[in-house]
Every structure is written in structure tokens, then in C-alpha cells.
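Note sheet for the following structure.
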Amino acid sequence: MSIGIVHSAALNGLEVRTVRVEADLGGGLPLFHMVGYLASEVKEAGERVRTAVKNAGVEFPVQKIIVNLSPGNVRKKGTAFDLPVALAVLSAAGEIPISALEDKMAVGELGLDGSIRPVPGILPVVWKARDEGFKGCIIPWENREEGALVEGIAIYPGKMLGELCGQLKEGTCRKYRAKGKTCRSEKGNSRLDFKDVRGQVFVKRAVEIAVAGGHNLLLTGPPGSGKSMIASRIPTILPPLLREEELELTKIYSIRGMLKEEGPLIKKRPFREVHHTITKAALIGGGIFPGPGEISLAHKGVLFLDELTEFPKAVLEVLREPLEEKKIRMVRKGGAYEFPADFMLTAATNLCPCGAFPDMEKCTCTPAQIQRYQGRLSQPFLSRIDICMDTPAVSYQELRQEEEMENIESSADIRKRVCNARDIQRKRYEADGLKGIMVNAQIPASAIERYCALDKETEELLRQAFSRMGLTARTCHRTLKVARTIADLEGAERIGTVHLKEAIGYRMPDSGWRRAGI
Amino acid sequence: MTEEVYKYWFACLRRLASGKKCRLYQCMGSEEAVYYIEEKKLAEFSFLSETDREYVKNETKKGALTEDYERFLELDIKLITMADRAYPGRLKNIAAPPWALFVKGSLPEEDLPAAAIIGARQCTPYGERMAIAYGEKLAEAGIPVISGMARGVDSAGQRGALNRGGRTYAVLGSGADVCYPRENRGLYLDIQKEGGIISEQPPGVPPFKENFPARNRIISALSDMVLVMEAKERSGSLITADFALEQGKDVCALPGPVTSSFSRGCNLLIQQGAGLLLKPEDFVEDLRQRGIVKNKEIEIGNGKKSDKNEKMLESPENIVYSCLGLYPKGIDSLLAETKMEPRELMEALVSLELKGMILEISRHYYSRVK
């Protein structure tokens, strides 16, 4: 009996399952057969492995070869099983000693020339390998930096199958040492700055509050007023990621194969702008075996929907649960898939087909048209917006005023205040042992009483606003959280009337932006 | 089959002009006679065109009249034709009086003066607020308000009258059982209680565009004076004003800024000699002096007037309030005018809104309440 065993891993969403790849060489007619609930790309691995092994300069055994990937009830897909299958066969043929492989995990795709090609999902796999107690991981050379992000496990990157095989045989595998490149600070798109935005002081204030507390933001206003311009500058004031957030985010990007070979660690908060032609599946993640969608790619960052009313209603409605739950759970035939989706929603829209509303001198739309246009956004969706800000057209004076240039705040100034406020929030929730809560927007309903406590005067103000302005329980909570952020920006311990009033001014009006009927 | 059934059938002949209906009725003596008219006889009437004859002929062949009538009865709508005693005298003398009126509720009283409040569907808070104020004042003076229950000024004026327990009547361009626009459902029900919904159209007719100018002539005919609140240069309200002048009614218009396109029609009317509407109190006082309004003035407390501004002299709220008027202003122009910090301005705006002194018309556009 000659059996080769190699450990590998199957990705199922963000979840990783270890897979045992077994190869058996036996008597009978020469054939190569693979079993174990395989997707078609895994079945094709047989041809790639046979040719790659031959071209690597190792003789492929002419025997009846059966390869089994266990557990047999886990669906295996992707091309990362090429390398473990090849290693298992070579091990069964006695080319590689079993001991060289038993404490390692291997993943990688093979080229026909015997080269080892990169695969997505290295970070979660290596992570899992470490947690499972493996000593090392054999991964493709191009993925070495990504693999090296995980501490406490040896990384053996391989370029060619032949070379790797020789090293394993002789026990001369070299551990890879990360070059420390990951410390390089990312400048990003530094050409953008809030200094470029003239006027719109109010909008900038609203954006600052939204970013400081992770609140969802909606900018309304006529075309050309700078909604998209302002939104595109949000990344310049986003605070830096924490180490654990970086890794969490990098895992998501890893599954999608969106990491750079050099410096794969995601160090900047993502800003994902999606076009209104996006499908539901692309937005929340989809397919028979779902991968992360745009909302997960925007995890810990910003999801920007420009021209909100142009999005099909059905697409916007799928955002409702993730906006509350901060994650998305999809159930498919293969099981349940869960991806994190803790993003800050930023959206921009006109208020009528011609865009000029509420400037009634300019607007050419009929009331019915305006109502239909605004009705494209459902109330349940809108009630998940914390801050709604009008972005009026900028006047000529504001646009051309030169002398006040130095008075306009730069992104760096705003970012400093945002970071301060975020620090206050994080420390507060950390001190109270609330795990995973970083910003005020995440305060659970049960903790609102505690963190958004009001004194008598402020309570009375809220009561008035509730009855006079028709707040609902949801908008009331959201307004309180925004007030908390405004207080934090100021460094105030308690929410005062000043903070609450300003927060009320930004709230999403309950009747949308429609004029109150009589 | 009773007479009523034929009466209903005849009133529902939409494609026959009311003038022709009137003559046909006079020639035949009763609706029943029209229903059983012979083809030869019909051909004798030269005032009917070929299509009219064809139309009447086809309609007379229609059966199931009783069923139709029974369905009509369930709607609780009264049918009043020119042959009836209840037919409003004001309508008899106009150029093309409607043959029949469908009424849900009641008709305006004959001997009471009535006023129409009309204006643009799309109006500014100024027009809306003034329409409400005039509606309220007229109601206090005991004058019924007649209008078209359209969006904007019309419904504001009628709501104003209802606010003060006055009577108000809506003349619709659709059937009296069709509430258009739909969002005025509440107003539609209230008007039925405190006045009536009137239509020339048979029940069930949707709001066809071409019906509206025709219904305007009924609005002006039922009123003794027509008050135009806000109208653009080309507007249905001006059509109503024209009808009113033709019918010899008083036309008054509310002036607006010359820069506002929403008041251009009104300003033009004033230029052409329409009465100038100043304060609602003055208007009603004028009516009283002319003897049109006979009831005594209802005392309204004058003490309330000057309490608001004194409370918060020189405060940020006062500065913001003084920058606002009935035409809505955006938050950025307020910022420029007051030279305040955004947070300070927002605080003042929310305070004013909570005090009920200003209104957020659209997102971050504010106007005074009064």
C-alpha cells in the first residue's frame, strides 16, 4: 500500500475547512481518478497535475491512481487543490517523504510547465492552518507576502513544482521572512482634499459628523452642487484602520483575489462607489457559492451610491438588513454564508427629475412627477439614514472667492477632529467591554439609555421633537446617536440641548422631503 | 321603470353638449320621451349633428337602465337637472349652463353670497398660507368658499374654511364619487359633511384633462366673487377669472413680488383692473360695508399679535427668524445672511421649528408659519 497524504483547505465563503488530500497508487490499468464532491475545475486538476508533474522533470507513475479529497461532504471548488494533489501523488510514489508533509498545509494552482500559480484566499487559509496547529504552509510564491501577514506559522513559498519537490525531499525548504514592507504608509489619492470644496460649510460639517460616528449619510440637491465631489473626498478624512480591522478586511479582499502581490495588507478604509446598474448579487454577494459583494468590500469603510433614485428599488431594499445587522447572511444549497458588512452608507440624489427642486422658480416638474421621483425610495430604506443634508447650488461669490482660501479647512484638519472623536468612542466602549463596537452608529438599542443619557431639559426637548416632528422609535434612536457623536466631537461628556438640536436638524424627515400636505 | 331612471340615463349622456340636451328635453317634454324617440323624429332636429343622432340612437338601445340606476343610488349622490326646482339660480344665466349636476352633500344656499378661492396647484407657502387665511376669514364672516379641491391653493382655501367651521363646496372635473387628487381624501370627506362635492360629470368619470376648463365656469358661476391667490402667467386660474368677468362677477387677486413667477398671473390681473387683496380682515370688512356680509363681526383677540418677537429679542433665534419670510429660504443663504456658525444656525432653526414658528418646507428650506 502506498498512500500519500497532504493537507489542504476548502474555502466556503469566509469559512475555511481543512481538507485531507489522499492519493493511492495501486495495481490495475493505469488511470487517474479523483473523488470527493468536486466542482468541475477541481476535476480538471487531474490533467494539469499529470502534465505539470511530467514537465517538472519527475516521472508520473504509470499506475492506477485514485485521489480522494475528504471530508467527502464538503464541496471543493477553485484551483487551489492542484498543488496538494500533485504533492499527494508524488508522496504516494515515494518522491517526497510523508514526514515532510504531515505538519504542513499546501495550496496552489499548477501551470502545465510545473509553475505554481497564485490563488485567492491565502490569508484565511493560512490563518486557519495556524489555528489548527500546523507548523507551516506551502503557498505560491506570488502569495508569499499575503501568507506572511499571519504570525506564528512558517511560510514556504514555492515557484516551481520540481524545485519544491526537491526541497521537500531533502528537507531544505526555506522559511520566508516578510520584508517588513507592510509598514510602508499608503498615501492614496492625495490629490483630493476638502480644501477644493468652496462654500458648502454646512455639508462639510454634516460629513464630518457622519464620518466621526459612522453614520449613514444622504446628500440631496440640484445637479452640479458638488454632492459627488464632496463624497469622493470622504476617504481623505477617514481615520486609520486598527490592526485587527486591517486583517479582517484583507481576508475579505483575499477571497476575492483583490490583493496586491507586494504589500497586500489593506491599510486604508475602503471607499466603494457603485454604479446604479449594479445587480442585487453584485451588491450583497451572490452566486450558488456566494463570495463577498460590494457591501462587504466596503466593510469598515464607505459605500457610496450616487444618483440613489436611479437604483432599482429591489436593489436598495436588499441593503435594509445589512444596514441594521452590519453583516450579510445568505442561505444557499451548500449552506449558510456570512460576510461582514459594517459600512457607512453615503448616498447622493436629486429631488426631482429636472433636479432643481425645491427651487420652485427653476423646477419644471409637476407635483406628481416630483412625488413619483421621490417615491422611488421607500420609507423603510430612508429611515436607516442618520443624516440627511441638503447640498444647495454654490453661488458665484463662493466659487470665486480667493481671499478666503486660507480659511477653508483642509482634509487633514477635519481628519484630526474625526480621529479624536473616534478615539473617544472606541475607548469608551472598550472600557465597558463592549466588543466590536467602535463608533456611535453601532450602539445597540439596549445600550442607548446608557450612552445617550439626557438631562431633564434635553429629555423635554426630545419629547417635543418626538411629538412635533413626528419622529419614530427608529429615527429617535438614530438622532440620539448622532447627538452623541456631536458631543464627542466637542469632547463633551453628556449630550446637551445644543448637540441634540443640531442632530435633530440633520435627521431624515419622516415624510421624506415631501412638503407637508394640508 | 320610473321617471327617475330615464332622468339619470339622460344626465349621463356625456357626449351631448348641455345646450343640445336642454333643447332636446324641451322638444320632447320628458327624458322618458327622449329614450323612446323614433329615428324619424330624431332626424327632424336640426340642432343635432349626425354624430349626435348616432350617439343618442345607440344610447337608447342600451338596456339595463334600472340596474345602472340602482347602482347610482348606492353612491348617495343627488342628481339635479335644469328642470328641477333645486337647480342653482346662479347657473341658469351663464353662457353654457350644465344640464345636470351630481351632488354629494349639498348645494350652496341661494341667498348667501359665496366666494371662490382659486389658484395654482403648484404654489409657494405664501400662496398656501394666504389661501388658508382668506378661507378662514370668509368662514368667520359666514361666506361659503367654493373651489376645485385641486392641490395647492384650492385645497388650502377650502381647508381654511373648514378650520373655522365654515361651509365649502368643491366643483370637480371628475365624477363626484372620484376623489382627485387622491391625497385629498380627508378633505373630500370633510367637504361632503360641511358642504358638498359638485360635478357636471356622471359618477365614475376619471379626471379627464378636457373637463377642467369647463368645471371652472361652474366655480365662477356659483360664486359672487373670485379670489385668485397665486397664478402663473398661463394658468387655469386665469381661465376661471375670465369666466368670472364674462359672468359679471368680482375678481380680486392677491399681489406677489414682481420677481415671482408664481404671482405673475395675479399681478397681471391687478394691472388689468382686478381688485387688490390686502389683508383678509380688510377684505371682509369691505364686504360688510357694502352690505354683502350681514352678520356681526366675530371678535378675534387682538392681544396675541405682538407677543412672539419680544420673547427673544437679539437672540440668535430672532436673527434667524427675521431673515425668514413666507417664501422659503435655503440653509446656505441663511448662513450667509446671519454670518453664524453652522451648528449655531442649526440650533436656532430647530428651536424655532419646535416652537412652531417656522416650517421646514423641503429638506433644509425654511419659511415662516405666518
Side-chain angles (χ1 to χ4, degrees), chain A residues 199-206 208-209 218-221 225 351-352 357-363 365-368 370-371 374 388-395 397-398 461 464-465 467-469 486 489-490 497-509 512-518, chain B residues 120-125 128-129 131-132 135 150-153 155-160 162-163 181-187 259-262 327-336 340-356 359-367:
Chain A
Q200 309 291 25
V201 258
F202 237 120
V203 188
K204 286 189 209 167
R205 166 86 183 154
E208 182 181 329
I209 296 168
L218 173 63
L219 299 174
T220 64
S225 59
L351 289 182
C352 71
F357 187 86
D359 187 340
M360 284 162 77
E361 290 286 342
K362 284 193 194 134
C363 180
C365 308
T366 63
I370 296 170
Q371 210 170 14
Q374 298 184 351
C388 171
M389 188 68 216
D390 179 57
T391 317
V394 178
S395 70
Q397 280 120 318
E398 278 176 319
L461 173 73
Q464 272 184 23
S467 56
R468 281 202 88 112
M469 295 174 165
I486 295 172
L489 272 169
E490 227 172 67
T497 49
V498 194
H499 311 126
L500 185 60
K501 274 184 193 168
E502 195 180 351
I504 290 171
Y506 296 125
R507 86 204 181 280
M508 185 73 221
W513 322 274
R514 265 160 254 150
R515 291 185 44 187
I518 47 158
Chain B
R121 267 176 253 273
Q122 208 172 357
C123 64
T124 68
E128 195 175 306
R129 237 41 73 59
I132 292 178
R151 289 191 187 94
V153 169
S155 33
Q158 300 200 282
R159 181 51 80 192
L162 291 171
N163 284 349
R182 261 203 309 228
E183 67 258 27
N184 277 351
R185 188 84 207 161
L187 187 62
T259 49
S260 164
S261 61
F262 292 90
Y327 288 93
K329 236 177 217 178
I331 204 164
D332 62 322
S333 36
L334 286 172
L335 202 65
M340 283 181 178
E341 284 286 304
R343 28 177 306 190
E344 201 185 353
L345 174 59
M346 189 60 98
E347 196 197 331
L349 284 169
V350 171
S351 306
L352 286 168
E353 203 184 341
L354 283 175
K355 283 184 186 157
L359 206 66
E360 191 179 9
I361 300 298
S362 172
R363 179 84 285 209
H364 295 151
Y365 276 74
Y366 298 88
S367 82

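Letters A, B, ... are given to chains in the order of the sequence lines, protein chains preceding strands, and every chain is numbered from 1.
Interface remark: A:Leu500 contributes no atoms to any contact with chain B (heavy atom separation under 4.5 Å). Using a 4.5 Å cut-off between heavy atoms, B:Ser333 does not touch chain A at all. Neither the backbone nor the side chain of B:Glu341 comes within less than 4.5 Å of any heavy atom in chain A.
For the pair A:Phe357 and B:Ser362, the tightest heavy-atom approach, listed with the atom from each and the gap, is CE2-OG, 3.7 Å. Shown here for A:Ala465 and B:Leu354, the closest heavy-atom pair between the two residues is CA-CD2, 3.5 Å. Listed here is the closest heavy atom pair of B:His364 and A:Gly505: NE2-O, 2.9 Å. Closest of all the heavy-atom pairs between B:Asp332 and A:Ala393 is OD2-O, 3.9 Å. Across A:Lys501 and B:Glu347, no two heavy atoms sit closer than the pair CD-CG, 3.5 Å. When all heavy atoms of A:Thr220 and B:Arg363 are compared, the closest pair comes out as OG1-CG, 4.2 Å.
Your options are A:Gly221, A:Gly199, A:Pro392, and the one with the most heavy-atom pairs under 4.5 Å with chain B is A:Pro392. Interface check for chain B: of the options A:Thr497, A:Ile504, A:Ile370, the most heavy-atom pairs under 4.5 Å are formed by A:Ile504.
Taking NE2 of A:His499 as the start and CZ of B:Arg343 as the end, the distance is 6.0 Å to the nearest 0.5 Å. Here A:Arg468 contributes atom CZ and B:Lys355 contributes atom NZ; the two are 11.0 Å apart, rounded to the nearest 0.5 Å. The structure places CE of B:Met346 at 9.5 Å from CZ of A:Arg205, a figure rounded to the nearest 0.5 Å. With rounding to the nearest 0.5 angstrom, the CD atom of A:Glu502 is 10.0 Å from the CG atom of B:Leu345. The OG1 atom of A:Thr391 sits 11.0 Å away from atom CD1 of B:Ile331, with the distance rounded to the nearest 0.5 Å.
With sequence neighbours excluded, the residues that form a side chain to side chain contact (heavy atoms under 4.5 Å, CB included) with B:Arg129 are B:Pro125, B:Leu326, B:Leu359, B:Ile361, B:Ser367. Contacts of B:Tyr327 classified as ring pair (Phe, Tyr, Trp, His ring centres under 6.0 Å), with partners at least two apart in sequence or in another chain: B:Tyr126.
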